[in-house]
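First the structure, in the form of structure tokens, and then the observations on it.
Order of appearance sets the numbers: ligands from 1, and atoms from 1 within every ligand. Predicted model, so just to flag it, every value in this text is computed and none were measured.
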Amino acid sequence: MTEPVTGVRVRLAPSPTGFVHIGNVLVALVDAAVARKTGGTFVIRIEDTDQKRFVEGAEELIYASLEWLGIDWQESPNRGGPYAPYRQSERLPLYTAYAEQLITNGDAYRCWCSPERLDQMRQGQQAAKLPPKYDRRCLGLSEDDRKALDGYTPDSVVRLRMHDTGTTTFTDPIRGSMSFENALLDDRVLLKSDGFPTYNLAVVVDDHLMGITHAIRGEEWLPSTPAHLRLYEALGWTPPLIAHTPLLLNADRGKISKRRHPWANMQWFRDEGFLPEAVLNYLGNLIAFVPDPEATAPGVAKELFGFDEMAVHFDLRSIGPSGKVVDIDRLEWLNGQYIRRMSLDELAERASPFLRKAGYEVDNLPTYRNALKLEHERIKRLSEAPQALSFFFRDEAYDPTTLIPKGSSAAQALELLDGAVSVCERAVDAGDWTVSGLEERFRGHAESIGFTTGKLRGQLFGVVRTASTGRTATPPLFDTMVVLGATVVLRRLAVARGHLVALANAPREDGSP
Ligand code: GLU
């Protein structure tokens, strides 16, 4: 027999119902931090007893999301462990046995009420402004007794019998002392008519059998906790510490909705070019205080930190119960900080899947690295790279009128462009297609045509910029031209020239020649 594992044991108990919610990731981060800090064990248990909501592949997505973030765990269905199986659908006989034991001891009872009857009952309670709870029509009845009454169905469920009076209290490490009046609590279903346990029965049985010491979950599960405590009591087990992490909120301090906040889905961060270390750091900022050793005053939090550092300082009690606003702009800023700090090689490597996806060939392309270098400081998400770099890869269509400086005419722009072409050709002839070579020649040229002010120089450079890139805003002009190379630049200047000739010769709108 396997030795029981001792020490702190935490678990993430996700239901494989599709996408991985950002709230679940926050719980996973808390679990992982508690386990790391205490030298404990982090277990993943798959709560797949709701067959209607089961989605193929969802379990793998959970592992992949945590792995992407760098959150590690020790026991799970795919890794095994001393308490296997870790999928609830593979543990069904266990739950049925405990449900029978609860019935025998009078802590649970069968209920044969039809869905229609329960519906009617609820409507009646709503109309009378009573708290919604089962009215115990079946309590104390045999099936034969119950059959004689209306609203009977042979498909029975098992309900937990809550206490009629008194209060249920417990201390949540995040929220402090919590108290619930028993008379208001519902006799929840433990076993469904299909023989599957509900969340409430399975979670208690498994947390106990798997030696979980800290059951940490989202705030939305708080109303279920009194029923769980009642089960621990009825089964004669000591409950673990039960903690409820705060809700994540949108910028308006409202609930996150899957429809309106695509980032509710963990996958969104990956697709949108966020770095896992930035996402983890950001979530860490919401729940952990990591002191800044560089700060001169005490109590100053460090902004950038990794999991190891966070875990050292982690304390469940300091998370606080109030909802945490997810500020995507702030996360983006943080992401940009991580991008700036990485080497060009690393950035090139990590941005390349985004470029490939957009159809750019980035293998062994020196232009890619050189172009990326120019954008390194500006990029906040990896997904911005294709858009930022596209003009290095191909000639792009643009509105020819953007070649004309404000207040100038097409003819004037054409003159500026012709001058620029000569400057470029001279640089090529001199074998000096370099940033300093171009800069010197263009400045000298500006001087020679009397463009001595910054504004006029800006007009000249603007024409060259738009002509060689198709854009009005780019990284520094001469650096950009060097990365593009003389051949590409001269070809594009010739195309731009064609545009300007056409514009200069086009009949004016007022019909004048
Ligand atoms: N299966 C629940 C969920 O999907 C687990 C809640 C808990 O951790 O107790 O979040």
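Here's the thing with Val203: none of its N/O atoms is less than 3.5 angstrom from an N/O atom of ligand 1. The distance criterion of under 3.5 Å between nitrogen or oxygen atoms is met by Ser15 with respect to ligand 1.
The aromatic rings of Trp237 and His208 lie parallel to each other, with less than 30° between the two planes, well short of the 60° mark.
Judged by the 6.0 Å distance and 45° axis criteria, Arg159 is positioned over the aromatic ring of Tyr134.
The protein heavy-atom contact nearest to atom 8 (O) of ligand 1 is Arg11 NH1, 2.8 Å. Residue, atom and distance of the protein heavy atom nearest to atom 9 (O) of ligand 1 are Tyr199 OH, 2.6 Å.
Between Trp221 and Tyr199, the distance from one ring center to the other falls under 6.0 angstrom.
Contact atoms of ligand 1 toward Glu47: 1 (N), 2 (C), 5 (C) (distance under 4.0 Å to a heavy atom of the residue).
Electrostatic pairing of Glu349 and Arg356 does not count as a salt bridge here, judged by no charged N lying under 4.0 Å from a carboxylate O.
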Practice prompt. In sequence, state the C-alpha distance, the side-chain angles, and the governing distance for Arg253 and Ser322, and then conclude on side chain to side chain donor-acceptor pair (under 3.5 Å).
Written response: CA-CA 11 Å; Arg253 301 199 65 83; Ser322 52; 5.6 Å; no
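When Ser224, Ala13, Pro16 are ranked by how near their heavy atoms come to atom 2 (C) of ligand 1, first place goes to Ala13.
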